[in-house]
Every structure is written in structure tokens, then in C-alpha cells.
Number of protein chains: 2
Amino acid sequence: MTRTSLSGVACSIARATDLFGDAWTALIMRDVLVGIRRFDELAEDIGLSRKTLAARLALLVEEGVLTRERYQVTPPREEYVATEKGREFYPVLLALMAWGDKWYAGPAGPPAQIRHDACGHLATPVVACDACRDPLTVADTTQLPGPGGRVGPGTQLLGPLIAARGDGVPAPDTAQNPVRSAPS
Amino acid sequence: MTRTSLSGVACSIARATDLFGDAWTALIMRDVLVGIRRFDELAEDIGLSRKTLAARLALLVEEGVLTRERYQVTPPREEYVATEKGREFYPVLLALMAWGDKWYAGPAGPPAQIRHDACGHLATPVVACDACRDPLTVADTTQLPGPGGRVGPGTQLLGPLIAARGDGVPAPDTAQNPVRSAPS
DNA sequence: ATTTGTAAGTTCCCTTAGGGAACCTGGCGG
DNA sequence: CCGCCAGGTTCCCTAAGGGAACTTACAAAT
């Protein structure tokens with residue numbers, strides 16, 4: 001597949017998807033963060049081939065997202081645990097899950113819920129502005145070039161266009177039913 | 001690749017990654033939401049083959065995330081615009097971008113910045129609890145089975161383990177048989 | 001002292017997604 | 001009539017990924 005390594009591209013989304021753009025990788029992180037850390041468990045739970053799992057885990061370790069640790073010396077047994085970098089990926093998974101819950105949950109509701117232990121509520125994760133804590137949407141944000149901005153292919157910074165077209169005037173009503181119960 | 005379609009899996013992360021697990025798909029969404037909407041522009045900006053772009057766009061349209069619209073009748077020209085479902089994916093991209101910025105930004109800083117027009121600040125997107133608006137982390141959340149929870153492979157709900165092991169604490173014990181709730 | 005069992009990978013073969021690049025199809029503008 | 005976009009298709013070929021068997025290292029059971 002050539003894996004055109006997007007690492008050279010300036011956009012952080014590209015950087016991140018270069019690692020997590022693989023469907024498996026995100027699922028591995030979910031499992032590891034949720035307590036499934038052993039090779040065989042991961043293979044079975046996620047349902048990917050042992051070969052590919054080994055490759056992904058090696059990549060994640062190389063990237064410093066996971067570490068491989070011996071949790072038992074004899075017989076030697078390894079497990080994969082998330083580094084801080086890996087743990088901080090959890091919120092991204094929560095945001096993804098919230099989106100999936102909203103648009104793909106069946107009539108019964110979402111398959112899992114998140115309890116925010118700090119406040120005790122069942123949480124619906126929202127992506128918010130760190131300054132005012134209000135939710136961020138495509139309509140009320142603008143992308144600006146950043147200090148590290150090598151603007152090149154992969155990073156057109158067309159902020160203003162968003163406000164113009166992104167929301168307010170959705171082309172001839174394209175609204176769809178949020179609940180889509182029959183996946184192909 | 002067989003694309004083992006994860007649609008059957010209960011976890012919403014799996015559902016979402018089934019669509020966005022492709023590195024290209026997330027980049028397409030980023031571009032479309034940021035104003036790059038035409039076929040050739042997308043192909044060039046993202047750097048993927050026209051063939052694969054056509055396939056991904058068709059998938060995204062089929063999934064109701066984008067619509068294909070004629071923005072000019074003569075000569076006929078098409079563009080892809082995000083539906084509400086697609087626009088609501090933007091926060092997920094922001095969360096991903098924030099993670100990428102934090103862990104991959106070079107010394108110069110991130111390549112792009114987000115201005116939250118509502119409050120005027122440059123925003124660092126955070127994933128927060130909708131109830132208390134505090135950031136959600138792996139350490140202070142617990143995964144619970146949800147109403148639609150067909151717990152199966154792909155959704156072990158081992159919430160308590162997170163608090164125990166997710167942060168700080170190395171490895172309390174070798175929980176051989178974790179809490180694994182019985183499948184219904 | 002073999003046999004069995006288990007965790008964690010490897011290796012082999014084979015299918016197929018995806019890259020590169022050329023080709024196709026309307027509908028102009030000159 | 002000729003070329004030239006935009007927006008795709010088609011063809012060929014590489015290599016990523018699935019399935020399944022094999023390997024290594026140890027321990028407990030027979």
C-alpha cells in the first residue's frame with residue numbers, strides 16, 4: 001500500500017491519522033486503556049490477525065504510545081500499557097465514541113456509557129474550548145495558520161470559508177435521520 | 001483486506017472507526033469542512049489516488065456524512081459538502097488535532113490554530129464532561145454497560161480497572177481473569 | 001521424562017485494497 | 001474543430017492483511 005507516510009505534512013490531523021488512521025490501532029488503544037493488555041486477549045477481542053496485531057503493537061511501542069512490560073517473570077509474560085502520550089489519546093476516543101453513539105446507536109441506546117467519577121454524572125463527552133468551556137463547532141471556529149505552519153499541500157487554511165458555508169446555510173435541506181439502525 | 005466490517009460490533013468506537021479508520025477518510029473530512037470540496041482539489045491536497053478518493057467519497061455519501069452537489073450547472077461541476085452528521089464530526093477532528101499538536105508539534109509550534117469565534121480566544125480543544133465541563137481523562141472516568149449494550153467481542157466493559165491502573169499506579173496485581181461481564 | 005498447556009509471537013501462502021498513470025466523458029471557449 | 005478543464009474509470013502491479021500452522025520458553029500434570 002506504500003503507506004505514503006503523511007509525517008511530512010504539516011497538519012496535526014495528518015500526523016495523528018498517520019498513526020491512528022488504521023482502524024485497528026484505535027481499537028487497540030481503546031482495549032489497552034480499558035484493561036485488555038495481553039496479546040492473545042487483544043487478538044481475540046478485536047478480531048484481527050495475530051500478525052497484524054504484532055505489527056501494530058510494535059508501531060505503537062515505537063511511537064511511545066504504549067510500552068511493552070513484563071508483568072510476570074516466569075514464565076515470561078508481557079503486557080502492553082499506555083504511556084502518558086497513550087493515555088492522553090483517550091479523550092479522542094471518547095469524542096469519537098460520542099459521535100458514534102449519536103449517529104449509530106440503535107433504538108436501544110448506546111452500547112456503553114461513560115461515568116465521570118469526578119462529578120458523578122453519566123457524561124456525554126463534548127469537545128470544548130479550553131478558555132470558555134463552550135462546545136466547539138465547525139460554525140464558530142476559524143482555522144488560523146500556526147507558528148509551526150509550513151503551509152503546504154495538506155494545510156490550506158481557509159478559515160473564513162467555514163463560517164460562510166459550513167453551517168448556517170446548509171444546502172437544500174440535507175438533514176438526515178440521526179438514528180440509523182440498519183448498517184449495511 | 002476483507003474489511004472485516006466492524007459494524008456488528010457493539011462498541012461505538014468500532015462503528016466510527018469502521019468509517020473513519022481509514023487515514024484518508026479523516027483527512028477528506030478535514031478538507032471538506034475547511035473548504036476544500038472539489039474532487040481534484042481533494043486529490044491533490046491530500047495526495048491520495050483519484051481511484052481511492054472516488055471510493056471514499058462514495059462511501060461517505062452513502063453513509064450520509066457528505067452529499068454530492070452540483071454547484072454549477074454549465075458545465076456541470078460537483079462538490080462535496082458535509083451534512084449535519086458530517087459537521088458534527090469536526091469536534092472529533094479537533095480533539096485529534098489537539099493530541100497531534102501536543103505530541104508532534106515541532107519546536108516552532110503547531111501548524112495551525114483554532115480561534116473560537118464565540119469567545120475570541122485561541123482554543124486548545126479539550127474533551128469535557130457535558131455536565132460539569134471538566135476535562136475527561138482515563139483516570140477519572142469509568143465505562144459502564146449502556147442500554148444498547150450487546151456486550152460481545154469488542155466491548156469488554158472493565159471500567160473499574162481503569163481507575164486502578166490507568167494512571168500512576170503501575171500494576172496492582174496480575175488480574176488473570178478480569179471483570180469480564182458475561183455476555184447476554 | 002515425556003506430554004500437555006499457555007502466552008506471545010513468526011512464518012507461509014493467498015487474496016485484495018490501493019498507488020500510478022493513462023484513458024474516458026461532457027461541455028464549453030476560442 | 002481543437003484543446004482543456006473537472007470529475008471520474010480502467011488497467012496493471014505491489015504489498016498489506018487474513019488464516020492457520022509453526023516456534024519458543026516455561027510450568028504443571030501424567
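As a basis for the values below, the full set of heavy atoms in this structure was taken, side chains included, without hydrogen atoms, waters or symmetry mates. Naming convention: chains lettered A, B, ... in sequence-line order (proteins, then strands); numbering from 1 in each chain.
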Exercise. Separation of Asp40(B) atom CG from dG7(D) atom C1', in whole Å?
Worked result: 6 Å

Problem set entry | Ring centre gap for Phe20(B) and Phe89(B) strictly below 6.0 Å | yes

Problem set entry | Trp24(B) side chain near dG19(C) phosphate (N/O to OP1/OP2, under 4.0 Å) | yes

Exercise. What pair of heavy atoms forms the shortest contact from Asp101(A) to Ala112(A), and how long is it?
Worked result: OD2-O, 4.0 Å

Seminar exercise, completed: Tested for side chain to side chain contact (heavy atoms under 4.5 Å, CB included) against Leu66(B), the lone hit among Leu33(B), Leu59(B), Leu57(B) is Leu57(B)

Exercise. If you check every side-chain atom of Glu78(B), which of dG18(D), dG8(D), dG18(C) has the closest atom?
Worked result: dG8(D)

For this session: Round to a whole Å and report the spacing from CD of Glu44(A) to P of dA7(C).
Result: 11 Å

Problem set entry | Ile36(B) CD1 - dG7(D) C1' separation (whole Å) | 17 Å

Exercise. So does Glu78(A) pair up with Arg70(A), basic N to acidic O under 4.0 Å?
Worked result: yes

Exercise. Are OP1 or OP2 of dG9(C) and a side-chain N or O of Tyr80(A) less than 4.0 angstrom apart?
Worked result: yes

Exercise. Once you round it to whole Å, what is the distance between P of dG8(D) and CD1 of Ile28(B)?
Worked result: 12 Å

For this session: Would you check if the side chain of Thr141(B) reaches a backbone N or O of Thr137(B) as a donor-acceptor pair within less than 3.5 Å?
Result: yes

Exercise. How long is the line joining CZ of Arg38(A) and P of dG9(C), in whole Å?
Worked result: 12 Å

Problem set entry | pair Val138(B)-Val34(A): side-chain heavy atoms closer than 4.5 Å | no

Exercise. What is the distance from CZ of Phe39(B) to C1' of dA6(D), rounded to the nearest Å?
Worked result: 10 Å

Exercise. For the pair made of CD in Glu41(B) and P in dC5(D), what is the distance, rounded to whole Å?
Worked result: 15 Å

Seminar exercise, completed: Among dG9(C), dT11(C), dG8(D), the one nearest any side-chain atom of Lys51(A) is dT11(C)

For this session: Describe the nucleic acid contact of Arg68(B) in one word from base, sugar-phosphate, nothing, applying a heavy-atom distance below 4.0 Å.
Result: sugar-phosphate

For this session: Can you figure out which of dG18(D), dG7(D), dG20(C) approaches the side chain of Ser49(B) most closely?
Result: dG20(C)

Quick test: give all pairs of protein nitrogen or oxygen and nucleotides 26-29 of chain D nitrogen or oxygen below 3.5 Å, distance rounded to 0.1 Å.
| from | atom 1 | to | atom 2 | distance (Å) |
| --- | --- | --- | --- | --- |
| dC26(D) | O3' | Thr74(A) | OG1 | 2.9 |
| dA27(D) | OP1 | Thr74(A) | OG1 | 2.1 |

Exercise. Can you name the residues that form a salt bridge (Lys or Arg N to Asp or Glu O under 4.0 Å) with Arg77(A), not counting sequence neighbours?
Worked result: none

For this session: Find the distance Asp22(B):CG to dG17(D):P and express it as a whole number of Å.
Result: 11 Å

For this session: Using only heavy-atom distances, decide whether a donor-acceptor pair under 3.5 angstrom links the side-chain of Arg50(B) to the base of dG7(D).
Result: yes

